[in-house]
2 protein chains.
Amino acid sequence: MEKQPDLCRVEDALDILVGKWKPIILLHLLQQGTKRFSELKRSMPGITQKMLTQKLRELEEEDIVERIVYPEVPPKVEYSITAYGRSLEPILEAMHEWGTNHIVHKIRKQEGMNKAGSQEERK
Amino acid sequence: MEKQPDLCRVEDALDILVGKWKPIILLHLLQQGTKRFSELKRSMPGITQKMLTQKLRELEEEDIVERIVYPEVPPKVEYSITAYGRSLEPILEAMHEWGTNHIVHKIRKQEGMNKAGSQEERK
DNA sequence: CTGTATCCATGGTGATACTG
DNA sequence: CAGTATCACCATGGATACAG
């Protein structure tokens, strides 16, 4: 199951952006700079420690985020976007904009179907 | 689980682009225009009919691709990108470019590690 | 505080067979 | 030709407990 010859380096970018928490983590770090583990966790209600750790490790592995451990007690670990990671920002923003527009598109479509399907909606 | 307040319309775009075959399908249709089902299938070795149908339906649902059925025997169905679907092209291209660059990045990193650890070349 | 280690539920994907 | 219908697998994600 080889990938298409030249076509799909798209998927390399996709792999990094995708997953239930990765975009959220990236957005948080992009917008709020350096954060420590507990701060990130607090700012993402619903995420488990396991997922946060796992996704941060994956992003670190790709040099998208940087992890700095302070050898203290209690432990302190800070995460931030790398310069390289910032190269993803235009893509994230384009997707955000597209997504925002897309919900409008869907609503319009929905309205169109309502109009076509029924005369009610009189209030 | 609720999404972040404003942050993540990114995921709406992601949902459309993601999946094992969606980017490939989109790229094929973007680059090669209108194609019929069997042509698409042939041009994507490894995809099953089920997956191709399913993904095309999802893309159609989002108005990204258009499906035209010719009432003939044998059946003929053509797929193409909608004008709206083309609005995804910049994102796809940005991702393709980023991905292409990313493999270079990884190779460089790999070389760097080799150099750093080059003292030990045992076995 | 910042992680690991398990176990388990779920869904997306694939193989295969069948149909209008 | 262009699908639909089933079944099975496995990776991803979630809950929980434990540890340095």
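Bear in mind that the values here come from a model prediction, so they are computed numbers and not experimental data. The sequence lines fix the lettering, A, B, ..., with proteins before strands; numbering per chain opens at 1.
- Side-chain polar atoms of A:H105 and B:E62 form no donor-acceptor pair below 3.5 angstrom.
- Scanning both residues, A:V18 and A:K22, for their nearest heavy atoms gives O-CD, 3.1 Å.
- Under the 4.0 Å criterion applied to side-chain N and carboxylate O atoms, A:E111 and A:R108 are not assigned as salt-bridge partners.
- Across all strands shown, B:K41 has no heavy atoms under 4.0 Å from either base or sugar-phosphate atoms.
- For A:Y79 and C:dG3, the shortest distance from a side-chain N or O to OP1 or OP2 is below 4.0 Å.
- The phosphate of D:dA2 (OP1 or OP2) has a side-chain N or O of B:S38 nearer than 4.0 angstrom.
- The phosphate of C:dG3 (OP1 or OP2) has a side-chain N or O of A:R57 nearer than 4.0 angstrom.
- Within the 4.5 Å cutoff, side-chain heavy atoms of B:W98 are placed close to those of A:S87.
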Point to revise | Strand DNA chain D as a dot-bracket string - pairs counted if Watson-Crick or G-U with both distances under 3.5 Å, | where the partner lies in another strand | key: ||||||||||||||||||||

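- Within a 6.0 Å sphere centred on CD of B:E61, heavy atoms belonging to other residues, nucleotides or ligands number 12 at most.
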Between protein and nucleic acid, restricted to nucleotides 10-13 of chain C and to nitrogen or oxygen atoms under 3.5 Å apart, what atom pairs and distances do you find?
| from | atom 1 | to | atom 2 | distance (Å) |
| --- | --- | --- | --- | --- |
| C:dT13 | OP1 | B:K20 | N | 3.0 |
| C:dT13 | OP2 | B:K55 | NZ | 2.7 |

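- Look at A:R36 and you'll find a side-chain N or O under 4.0 angstrom from OP1 or OP2 of C:dT2.
- Between B:Y79 and B:H28, the distance from one ring center to the other does not fall under 6.0 angstrom.
- Here B:E58 pairs with B:K55 in a salt bridge; the nearest charged N to carboxylate O distance falls below 4.0 Å.
- Taking atom CZ on B:F37 and atom C1' on D:dT4, their separation rounds to 11 Å, with Å as the unit.
- At a threshold of 4.0 Å, the pair A:E89-A:R86 counts as salt-bridged, since one of the basic side-chain nitrogens sits closer than that to a carboxylate oxygen.
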